[in-house]
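Just so it is clear: chains get the letters A, B, ... in the order the sequence lines come, proteins before strands, and each one is counted from 1. No experiment lies behind these values; they were computed from the predicted model shown. Quick note: numbers below take in every heavy atom, side chains included, and nothing from hydrogens, waters or symmetry partners.
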Protein chains: 2
Amino acid sequence: MSADRTYGQYCALAKALDVVGDRWALLIIRELLLRGACRYTDLQTGLPGIATNLLAARLRRLEADGVVRREAAQPPVAITLFHLTERGKELEPVLLLLGAWGAPLMAEPAAGDAFCTHWLSFPVRQFLHDRNPDGPPVTILLAGGGDARNVLTIEAGGGKIHTRIGGAESPDLVLTGAAQLLVGVLAGKLRLSEAKAAGLVVEGDPAALERLLPKG
Amino acid sequence: MSADRTYGQYCALAKALDVVGDRWALLIIRELLLRGACRYTDLQTGLPGIATNLLAARLRRLEADGVVRREAAQPPVAITLFHLTERGKELEPVLLLLGAWGAPLMAEPAAGDAFCTHWLSFPVRQFLHDRNPDGPPVTILLAGGGDARNVLTIEAGGGKIHTRIGGAESPDLVLTGAAQLLVGVLAGKLRLSEAKAAGLVVEGDPAALERLLPKG
DNA sequence: CGGCATCCTCTTTGATACTG
DNA sequence: CAGTATCAAAGAGGATGCCG
């Protein structure tokens, strides 16, 4: 059935690509890294544009290759959860590095691109730092605008930064707006005032953000 | 012309994959990293299995995306050289990491796989170390067996390891044999004596190899 | 030769619809 | 919720032809 098209090269890179080189494969792994355990439909919403048969096929393939694990819950709940295996989690540094390489490409306008705030988790954890470790913890919320559930929570405190998909109780700062505005602000390419003028909705204390941005 | 099939996601990883996620793209970049400037036919021999029209299409695409540069020589020689741009060279850490992730997959037999000794350059430089920096430099030659030009030179000395595609004047050690035997020996999974029994041809001083392998 | 372009067949993808 | 079924369109793979 699965043609199992391999490069047929005895090379570590080619072997890796035989497993994760198929279209959509690394993005599926991105979702599983960012969200942890996932239902099928969670994956679909985090992977706008993927065809459902492709998602099913990739998950089967990745499972067979020991990257993904499938956990079927009991009949009463009738839910299936998809996880990364340990082997799969070892791909995280690869995704971080490849994402960092791709970061400059985010400068171009995103007209027509889909956008989920949780995709910013990796860049946020890589490029932002808590520059005031002794201060009280702060919480920042990023909201995509369109869908109220398209929200990422950034928590900083004690010199560390965490992200969580979904909202928070009482954030210090909420940024709501278009993808490029959020990214521009987080990347330090855009001042809050400029972004505001361009349509970003800023609610709360801007100092919470200043604390995380590189000096400049 | 080029349908320019993009993921349409405003995410750094997806953007990176829009550029280097196509089939064969990362392997082309591997060849350019390992060989430096390349003629079209050099790329073909280093990429067994690729269709010539695909190679041409990928090179065009990578050039348009600023990863590859094409250098046309003067009419008398009428040769075209392909390079990586600086941006392209920045992918090296990504390939190293992804290759390292794929390394365990090399344990499975390579029946029918193509094999070029120069594909071992990355693993050799990553996983071998000169454990006798004060000793005289040594040269080891890896030969694939079939084609006399399928040869990689490893030079170690002063605590550093270099590799070069092609042969050397007077190597201290020459290992000739099947892909898995070479890899098994370099990975320390196979003793020279065992590999010899399995068909590896060992000429010269085995101490040259011992110097580079992790203790054990 | 070196660097492709063309033609052809086969597989994969993408979009949509449908089901236990 | 977690997929399978179907089908048109695009892409991959292989052979060969062309042109400086």
Passes side-chain hydrogen bond (donor to acceptor under 3.5 Å, both in side chains), A:Thr80 versus A:Arg70? Steps please.
CA-CA 7 Å; A:Thr80 311; A:Arg70 179 187 312 242; over 6 Å; no
Atom CZ of B:Arg58 and atom C1' of C:dG3 are separated, to the nearest Å, by 17 Å
Using atom types as modelled, flag every donor-acceptor pair under 3.5 Å from a side chain in residues 24-31 of chain A to any protein atom, sequence neighbours excluded.
| residue | atom | partner | partner atom | Å |
| --- | --- | --- | --- | --- |
| A:Arg30 | NH1 | B:Gln9 | OE1 | 2.9 |
| A:Arg30 | NH2 | A:Gly46 | O | 3.2 |
| A:Arg30 | NH2 | B:Gln9 | OE1 | 2.9 |
| A:Glu31 | OE1 | A:Arg35 | NH1 | 3.0 |
| A:Glu31 | OE1 | A:His118 | NE2 | 2.9 |
| A:Glu31 | OE2 | A:His118 | NE2 | 3.1 |
| A:Glu31 | OE2 | A:Trp119 | NE1 | 2.9 |

Atom CZ of B:Arg5 and atom C1' of D:dG11 are separated, to the nearest Å, by 7 Å
Heavy-atom side-chain contact between A:Leu209 and A:Leu186 under 4.5 Å:
yes
Residue-phosphate contact under 4.0 Å: A:Arg39 side-chain N/O, D:dG3 OP1/OP2
no
Let me know, please, whether A:Tyr7 or A:Asp42 comes out on the 5' side of the other along DNA chain D by nearest nucleotide.
A:Asp42
Interatomic distance where CG belongs to B:Leu47 and C1' belongs to D:dA12 [whole Å]:
15 Å
So, is B:Arg23 close to the C:dT12 phosphate, meaning a side-chain N or O under 4.0 Å from OP1 or OP2?
no
Take atom CG of B:Asp22 and atom P of C:dT12, then tell me their distance rounded to the nearest Å.
16 Å
Return the polar atom pairs (N/O with N/O) between nucleotides 4-8 of chain C and the protein under 3.5 Å, or none.
| residue | atom | partner | partner atom | Å |
| --- | --- | --- | --- | --- |
| C:dC4 | OP1 | B:Arg70 | NH1 | 3.3 |
| C:dC4 | OP2 | B:Arg70 | NH1 | 2.9 |
| C:dA5 | OP2 | B:Arg60 | NH2 | 2.9 |

Whole angstrom value for the distance that separates C1' of C:dG14 from CD1 of A:Ile50:
10 Å
Rounded to whole Å, please give me the gap between CD in B:Gln9 and C1' in C:dG14.
14 Å
Show every donor-acceptor pair shorter than 3.5 Å between a side-chain atom in residues 81-92 of chain A and any protein atom, with sequence neighbours excluded, or say none if there are none.
| residue | atom | partner | partner atom | Å |
| --- | --- | --- | --- | --- |
| A:His83 | NE2 | A:Glu71 | OE1 | 2.5 |
| A:Thr85 | OG1 | A:Gly66 | O | 2.6 |
| A:Thr85 | OG1 | A:Val67 | O | 3.1 |
| A:Thr85 | OG1 | A:Arg87 | N | 3.4 |
| A:Thr85 | OG1 | A:Gly88 | N | 3.0 |
| A:Arg87 | NH1 | B:Trp101 | O | 3.1 |
| A:Arg87 | NH2 | B:Trp101 | O | 2.6 |

Are A:Arg164 and A:Glu155 close enough for a salt bridge, meaning some N to O gap below 4.0 Å?
yes
Starting from the first five and the last five pairs of the helix from C:dC1-D:dG20 to C:dG20-D:dC1, work out the angle between the resulting helix axes, to 10 degrees.
30°
The complete set of salt bridge (Lys or Arg N to Asp or Glu O under 4.0 Å) pairs with one or both residues in residues 104-119 of chain B, sequence neighbours excluded, reads A:Lys15-B:Asp113
Does any non-hydrogen side-chain atom of B:Ser121 lie less than 4.5 Å from one of B:Leu152?
yes
Send over the distance from B:Leu27 CG to D:dG13 P, rounded to a whole Å.
11 Å
Between D:dA2 atom P and A:Glu63 atom CD, what is the distance in whole Å?
14 Å
Could you pull out all residues at least two apart from B:Arg149 that satisfy side chain to side chain contact (heavy atoms under 4.5 Å, CB included)?
B:Asp147
Is A:Trp24 close enough to C:dG14 that one of its side-chain N or O atoms is under 4.0 Å from OP1 or OP2 there?
yes
Thinking salt bridges, do B:Asp130 and B:Lys160 make one under a 4.0 Å N-O criterion?
no
